Amino acid sequence: MPVRVLIPLRSPQVRAALTLATSAMVAVAMMAHATTDDTTLPEPEVIVTERLETWRGQGMSDALLAQISDGATVFRDTCAVCHGALGEGGAGYATPIIDTAALDKFRTGHRLFLYNRDMMPFNEPGSLPPETVWQVTAFLMAMNGWLDGLDAPLGADNARDVAIAP
Ligand code: HEC
């Protein structure tokens with residue numbers, strides 16, 4: 001029996017087929033390894049980029065997408081040190097401010113803007129120009145799912161009507 005098997009194995013066609021099958025198995029194993037072993041969260045930038053793409057696909061305007069994207073940069077540079085890279089809570093303030101009910105009390109985008117403008121960053125309140133505060137407020141609102149259906153960038157003229165919906 002073994003002899004019969006060994007003879008066809010020598011044929012180039014069989015060897016080629018075996019090589020193909022083996023590399024396919026290796027590829028599948030590597031893919032499985034990548035998905036099951038990868039326990040670390042994707043980079044915040046990757047998550048934000050994915051969200052921006054989703055909103056773009058849902059028809060969000062370029063102007064609002066740009067404001068949210070700028071806000072993500074502000075958040076990363078100015079807020080993440082205390083609030084965590086994705087607002088999940090951090091060394092400076094443990095309570096999450098993204099994916100949370102903690103901000104429900106602000107009720108509207110305008111009141112969240114006022115809080116951010118006058119109280120944040122905690123170590124240097126009032127240091128950010130209004131445009132920057134609008135950007136980071138839009139980012140927080142969007143990540144919490146409160147900008148769905150908004151078209152223009154968040155600002156003084158519309159933020160009172162943009163509800164923070166529990
Ligand atoms: C030095 C640390 C620090 C930085 C930097 C900082 N925060 Fe805060 N943040 C805090 C602390 C502490 C509180 C709680 C303040 C309180 O309860 O009075 C807070 C509270 C908040 C809240 C209200 C949370 C709640 O549960 O009521 C929001 C919204 C917020 N920060 C947004 C921001 C934004 C936006 C930035 C960046 C522009 C920022 N923070 C930067 C420390 C920080």
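This structure is a prediction, so every number in the text was calculated from the model and none was measured. In listed order, ligands and their atoms are each counted from 1.
Ring to ring, Y115 and F106 are close: their centroids are under 6.0 angstrom apart.
Against a heavy-atom cut-off of under 4.0 Å, P121 is close to the following atoms of ligand 1: 5 (C), 6 (C), 41 (C). The distance from ligand 1 to the heavy atoms of I97 drops below 4.0 Å at these ligand atoms: 24 (C), 32 (C). Counting atoms of ligand 1 from 1 in the listed order, those under 4.0 Å from a heavy atom of A102 are 26 (O). Per-residue contacts place L112 under 4.0 angstrom from the following atoms of ligand 1 (heavy atoms of the residue considered): 29 (C). Close contacts between ligand 1 and L128 involve ligand atoms 38 (C) [criterion: under 4.0 Å to a heavy atom]. Interface of C82 with ligand 1, defined as ligand atoms under 4.0 Å from a residue heavy atom, comprises 1 (C), 2 (C), 3 (C), 4 (C), 5 (C), 42 (C), 43 (C). Close approach to G92 involves these atoms of ligand 1, each under 4.0 Å from a residue heavy atom: 12 (C).
Ranked by closest heavy atom to atom 15 (C) of ligand 1, the top entry among Y115, F113, F139 is Y115. Of the options N116, N123, V136, the smallest heavy-atom separation from atom 29 (C) of ligand 1 is shown by N116.
Put simply, C79 stays out of reach of atom 8 (Fe) of ligand 1, with no N, O or S atom under 2.8 Å from it. Atom 8 (Fe) of ligand 1 has no N, O or S atom of Y93 under 2.8 Å away, backbone or side chain.
At a 4.0 Å cut-off, not a single heavy atom of T132 sits close enough to ligand 1 to count as contact.
Under 4.0 angstrom from ligand 1, there are no non-hydrogen atoms of V133. When heavy-atom distances to ligand 1 are checked against a 4.0 Å cut-off, F75 has no atom that comes that close, whether in backbone or side chain. For K105, every heavy-atom contact with ligand 1 shorter than 4.0 Å involves the side chain, none the backbone. At a 4.0 Å heavy-atom cut-off, ligand 1 does not touch T137 at all. Using a 4.0 Å cut-off between heavy atoms, V74 makes no contact with ligand 1 at all.
T100 OG1 to M143 CE: the interatomic distance, rounded to the nearest 0.5 Å, is 13.5 Å.
No side-chain donor-acceptor contact under 3.5 Å links T132 to the backbone of L128. Counting only distance, with no hydrogens or angles, the side chain of W146 and the backbone of V162 share no donor-acceptor pair below 3.5 Å. Put simply, the side chain of N144 gets close to the backbone of I97: a donor and an acceptor are under 3.5 Å apart. Looking only at distances, a side-chain donor or acceptor of Q67 sits under 3.5 Å from a matching main-chain atom of L154. Distance alone, capped at 3.5 Å, places no donor-acceptor pair between the N116 side chain and the V136 backbone. Using a distance-only test at 3.5 Å, with no hydrogens or angles considered, a donor-acceptor pair links the side chain of E88 to the main chain of L86.
At the shortest separation from atom 31 (N) of ligand 1 among protein heavy atoms lies H83 NE2, 2.9 Å. Nearest to atom 43 (C) of ligand 1 among the protein's heavy atoms is F122 CB, 3.3 Å. Protein heavy atom nearest atom 19 (C) of ligand 1, with residue, atom name and distance: M120 CE, 3.1 Å.
Crowding of E45 atom CD: a count of heavy atoms from other residues, nucleotides or ligands under 6.0 Å exceeding 12.
Not a single N or O atom of T95, backbone or side chain, sits closer than 3.5 Å to an N or O atom of ligand 1. Considering backbone and side-chain atoms together, T78 places no N or O closer than 3.5 Å to any N or O of ligand 1.
Scanning all heavy atoms of the two residues, the minimum distance from I164 to G109 falls at CG1-N, 4.2 Å. Across every non-hydrogen atom of P44 and A85, the tightest pair is CG-CB, 3.4 Å. A pairwise comparison of heavy atoms in L147 and A138 identifies CD1-O, 3.4 Å as the closest pair.
Ring planes of Y93 and H83: perpendicular class, angle over 60° (limits at 30 and 60°).
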